[in-house]
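Below, chains carry the letters A, B, ... as their sequence lines are ordered, and counting in each starts from 1. Given the structure is predicted, the values throughout are model-derived calculations rather than measurements. Hydrogens, waters and symmetry mates play no part in the numbers below; they use all other heavy atoms, side chains included.
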Amino acid sequence: MSEVRVRFAPSPTGFFHIGSARTALFNWLYAKHTGGKFILRIEDTDKERNTEEALQVLLEGMRWLGLDWDEGPEAGGDYGPYFQSERQSIYDDYLKILKDKGRTYEKDGALWFRLEGERYTEYDEFHKAEVEKVKNAAVVIEDAIRGRVERAEERDFVIVRSNGEPVFHFVNVVDDIAMGITHVIRGEDHLSNTSKHVELFKALGAEVPVFAHIPLILKQSGPGKMSKRDEGALIEEYEQRSFIADAVRNYICLLGWSPKDDQEKMSIETIIERFDFAGVNKGNARFDETKLSALNAEYIRELAMDVFAEKASSILKAKGINLGSIEESYLLKVLELCQGKIKSMDTLFDYVHYFFQDGYDFDAKGMQRIQKGVDPKVLLGEIMSIFENEAEYSSETLESSIQAIAEANERKIFAYFPVIRMATSGLTGGPDLLPMLSVMGRERVLPRLQSFLEKL
RNA sequence: CUCCCGUUCGUCUAGCCCGGCCUAGGACACCAGGUUUUCAUCCUGGCGACAGGGGUUCGAAUCCCCUACGGGAGGCCA
């Protein structure tokens, strides 16, 4: 049995769409699963749209998701070049085969592929014109995902435009032949065109690869498949919003594929091991960012501290926190306090900023709530001495000291908590209060309590 | 207009190929309760689906047919 060779053949548009990403991912998974080769081929025949930046967006997105390619741009390989724009002579060679077999003809300056079969003309409602059709035998596609699909191609089609550029259907097939592609894994939107492709494979005397058409990803709401304009459609968005790449990749795997045993959060090694066409669904899947976020939160919680710290640092730095002036051990303690609590990395700054800077606002609703109960001045007054005098300043000593004062004043210990939290963070929620105060240290907490007391 | 593909909780899905183990399982979301100083986590429970109709069968989510709906393609776009 020969080696599996699969390819991802994107056209660089300047965006890395989530649907494309999943096609790439499924190809990559199949290659990894079978020990085959994953080839990246750039379909850059549209010269105006294809810029260097557009290519970089694509490569960057691939790398972010961890999809490395065995052959392609920057990787090289024996079947290059891997840019369609550089493969013209190969297309010419294959075109000659079709010409020699009499399977082409010129019309309106373009080169057409000739189907075999009886010809007739009829008015076509779609084209709004009389068109020539062919009574052509149906092509049988044994699709690895959808099973047997039969479809007859009924019209000749252009393979080289009048301006000399070969069209997608032709170059795609030629490249797959020339690159020895064994399995074509792509979106279902290509299923109808597959009959064209099979006709070309046959006319070129090439072996037809195994096709595997994966379902499409539908937009979150409303009709139709996801397009680049839709919310959440772009991979680079998730990178910018500091999503965990493993989580995004894991979620995309689950759109249209299932390991069949209720497992969802899986390591990439597990997914590679278990991925196969039998687990790919036939029905289209609707994208759901809520579920992605939930999975992402789970990944955040399980991140190793050094990895979390690195991500967190770059986010805080970008938000203007001068980490250079902050003790690393302090930063680490703060991050430990919040890793299990935040639901997404882009809420990190709001969750911890007051640990690093004094100029924070006081939540208006929280302030109202505090004023409603026992006078916050009284509450703070009762416990100020703890922060002024406590020799050993720790979570435990604070707790017992506050507890003692609470009992003396016939209150519950948590009567004091909202006020302290508001004074030291300006917020109504956050990390566990006592550990938080402990990490902040007396040198930060005491002045904040004092100034809050004056402010009241 | 034609052709192709699909249709299980709101969403992602398990079950379907090889009919009975399905009073249809899990996850996210939502709701209620518990844990918690708060928030988050965590725990418990709830809500909630076989698109419809015909067959076949002792028995159908599973097999067959029809209809409806959804998606895709039909380009000198990819």
Side-chain angles (χ1 to χ4, degrees), chain A residues 9-11 13 20 43-46 49 84 107-112 122-128 131 133 138 141 143 145-147 149-155 157-169 171-172 186-196 213 215-216 218 220-221 223-225 251 254-265 278-279 281-295 297-298 301 338-343 347 351 366 369 399 402 412-422 425 427-434 436:
Chain A
S11 174
T13 55
S20 306
E43 306 216 333
D44 59 345
T45 47
D46 188 340
R49 266 204 315 204
Q84 285 188 337
K107 192 172 96 184
D108 305 329
L111 201 66
W112 294 63
E122 79 177 6
Y123 181 78
D124 187 277
E125 195 63 43
F126 180 74
H127 292 95
K128 304 282 182 208
V131 295
K133 294 187 178 176
I141 303 149
D143 193 282
I145 291 166
R146 328 198 77 84
V149 177
E150 286 187 40
R151 186 173 188 277
E153 200 57 40
E154 59 172 17
R155 291 191 69 212
F157 53 92
V158 171
I159 52 176
V160 180
R161 294 184 196 110
S162 49
N163 68 5
E165 286 176 12
V167 308
F168 161 74
H169 300 299
V171 294
N172 196 263
R186 51 163 41 161
E188 200 208 289
D189 47 346
H190 289 294
L191 184 55
S192 300
N193 286 145
T194 304
S195 45
K196 282 190 183 70
H213 287 93
L216 302 179
L218 270 26
Q220 307 208 55
S221 57
K225 63 172 175 173
Y251 175 72
L254 263 18
L255 278 182
W257 174 79
S258 154
K260 308 291 184 196
D261 66 357
D262 296 339
Q263 272 205 74
E264 295 201 328
K265 184 170 180 293
N281 293 101
K282 296 187 179 83
N284 294 339
R286 200 171 284 278
F287 180 77
D288 180 15
E289 193 174 314
T290 310
K291 182 138 186 174
L292 201 203
S293 294
L295 196 57
E298 222 179 305
R301 269 177 249 130
C338 69
Q339 184 181 6
K341 300 234 173 195
I342 56 169
K343 294 180 113 174
T347 57
Y351 202 82
R369 213 179 307 160
E399 183 171 18
I402 300 174
K412 293 197 165 155
I413 182 169
F414 53 79
Y416 299 95
F417 283 25
V419 186
I420 302 176
R421 183 184 291 285
M422 182 54 68
S425 73
L427 299 172
T428 55
D432 296 343
L433 185 67
L434 270 353
M436 168 182 145

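- To the nearest 0.5 angstrom, Leu191(A) atom CG is 10.5 Å from Ile145(A) atom CD1.
- In this view, Phe287(A) and Tyr251(A) satisfy the ring-ring contact (aromatic ring centres under 6.0 Å, His included) rule, not counting sequence neighbours.
- Set against C4(B), G71(B), A14(B), the side chain of Leu218(A) has G71(B) as its closest nucleotide.
- Rounded to a whole angstrom, the distance from the P atom of G15(B) to that of G26(B) is 15 Å.
- Rounding to the nearest 0.5 angstrom, the gap separating the CG atom in Leu433(A) from the CD1 atom in Ile413(A) is 9.0 Å.
- In this structure Arg186(A) satisfies the side-chain hydrogen bond (donor to acceptor under 3.5 Å, both in side chains) test together with Thr194(A), His197(A), His213(A), sequence neighbours excluded.
- In this structure, Asp189(A) places its CG atom 16 Å from P of G75(B), rounding to the nearest Å.
- Nucleotides A51(B) and C9(B) have their C1' atoms positioned 14 Å apart, rounded to a whole Å.
- Of the listed nucleotides (C4(B), G6(B), G75(B)), C4(B) has the atom at the smallest distance from the side chain of Leu191(A).
- Taking CD1 from Ile141(A) and CZ from Arg146(A), the interatomic distance works out to 11.0 Å, rounded to the nearest 0.5 Å.
- Between Glu264(A) and Lys291(A), at least one side-chain nitrogen of the basic residue sits less than 4.0 Å from a carboxylate oxygen of the acidic one, meeting the salt-bridge criterion.
- Nucleotides G10(B) and G48(B) are separated by 10 Å at their P atoms, to the nearest Å.
- Distance noted for atom C1' between A49(B) and C4(B): 27 Å (whole Å).
- Residue side chain Glu153(A) does not reach the base of G74(B) through any donor-acceptor N/O pair under 3.5 Å, judged by distance alone.
- Here the CH2 atom belonging to Trp112(A) is positioned 11.0 Å from the CD1 atom belonging to Ile159(A), to the nearest 0.5 angstrom.
- In this structure, Lys196(A) forms a cation-pi arrangement with Phe157(A), its terminal cationic atom sitting closer than 6.0 Å to the ring centre and no more than 45° off the ring axis.
- Distance His213(A) NE2 to A73(B) P: 12 Å, rounded to the nearest Å.
- Distance check on atom P: U62(B) versus G20(B) gives 11 Å, rounded to whole Å.
- In this structure, His169(A) atom NE2 and A73(B) atom P are separated by 11 Å, rounded to whole Å.
- In this structure, Asp261(A) places its CG atom 11 Å from P of A14(B), rounding to the nearest Å.
- C69(B) and U13(B): their P atoms are spaced 23 Å apart (whole Å).
- Residue His127(A) has a polar side-chain atom (N or O) positioned under 4.0 Å from OP1 or OP2 of G75(B).
- Checked against side-chain hydrogen bond (donor to acceptor under 3.5 Å, both in side chains), Ser425(A) has no partners two or more places apart in sequence or in another chain.
- Using a 4.0 Å cut-off between a side-chain N of Lys or Arg and a carboxylate O of Asp or Glu, Lys133(A) and Asp124(A) qualify as a salt bridge.
- Nucleotide C3(B) forms a Watson-Crick or G-U wobble pair with G72(B), both donor-acceptor distances falling under 3.5 Å.
- Between Tyr251(A) atom OH and C12(B) atom P there is a gap of 8 Å when expressed in whole angstrom units.
- Look at the P atom in both G72(B) and U56(B): the space between them is 38 Å, to the nearest Å.
- Residue Leu216(A) places its side chain closer to G71(B) than to any other of G26(B), G74(B), G71(B).
- Inter-residue side-chain proximity for Thr428(A) and Arg421(A) is flagged as unmet; no heavy-atom pair is nearer than 4.5 Å.
- Taking atom CZ on Phe168(A) and atom P on C77(B), their separation rounds to 13 Å, with Å as the unit.
- Proximity of Lys225(A) to the phosphate of G72(B): no side-chain N or O atom is located under 4.0 Å from OP1 or OP2.
- One can place CD of Glu122(A) at 12 Å from C1' of C3(B), the figure rounded to the nearest angstrom.
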Could you go through Ser293(A) and Lys343(A), starting from their C-alpha distance and side-chain angles, then the distance that decides it, and tell me whether this counts as side-chain contact (heavy atoms from CB on, under 4.5 Å)? CA-CA 8 Å; Ser293(A) 294; Lys343(A) 294 180 113 174; over 6 Å; no
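- Within the structure, every side-chain polar atom (N or O) of Lys282(A) is placed at least 4.0 Å from both OP1 and OP2 of C5(B).
- The heavy-atom pair separating Val158(A) from Ala110(A) by the smallest distance is CG1-CB, 4.1 Å.
- Gly224(A) comes within contact range of the sugar-phosphate backbone alone, with a heavy-atom separation under 4.0 Å but no base atom that close.
- Spacing between C17(B) and G74(B) at atom P, rounded to whole Å, works out to 34 Å.
- A distance of 9.5 Å separates CG of Leu427(A) from OH of Tyr351(A), quoted to the nearest 0.5 Å.
- Within the shown strands, nothing qualifies as a pairing partner of U23(B) under the Watson-Crick or G-U definition with both distances less than 3.5 Å.
- Mapping Glu150(A) and Gly109(A) onto RNA chain B by nearest heavy atom places Glu150(A) at the nucleotide closer to the 5' end.
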I need a per-nucleotide contact map over nucleotides 30-48 of chain B, read 5' to 3'. Cutoff is protein heavy atoms under 4.0 Å; write B for the base, S for backbone only, - otherwise. -------BBBBSS------
Any chance you could lay out the side-chain contact (heavy atoms from CB on, under 4.5 Å) test for His190(A) and Phe168(A), step after step, and finish with the verdict? CA-CA 11 Å; His190(A) 289 294; Phe168(A) 161 74; 3.7 Å; yes
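- Of the candidates C76(B), A27(B), C5(B), the closest approach to any side-chain atom of Ala110(A) belongs to C76(B).
- In this model, no side-chain donor or acceptor of Ser192(A) finds a partner on the base of G74(B) within 3.5 Å.
- Looking at residues 284-291 of chain A, you'll see Asn284(A), Ala285(A), Arg286(A), Asp288(A), Thr290(A), Lys291(A) sit with a heavy atom under 4.0 Å from some atom of RNA chain B.
- A 3.5 Å limit on both hydrogen-bonding distances identifies G46(B) as the Watson-Crick or G-U partner of C30(B).
- Ranked by how close their nearest RNA chain B nucleotide is to the 5' end, Ala294(A) and Trp112(A) are led by Ala294(A).
- Going from atom CZ of Phe126(A) over to atom C1' of G74(B) covers 5 Å, rounded to whole Å.
- When distances run from any side-chain atom of Leu255(A) to the nucleotides C77(B), C12(B), G74(B), the shortest one goes to C12(B).
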Atom pairs under 3.5 Å, N or O on each side, protein against nucleotides 16-23 of chain B: can you list them with distances?
none

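- Backbone-only engagement by Gly256(A) is indicated by non-hydrogen atom pairs under 4.0 Å involving sugar-phosphate atoms exclusively.
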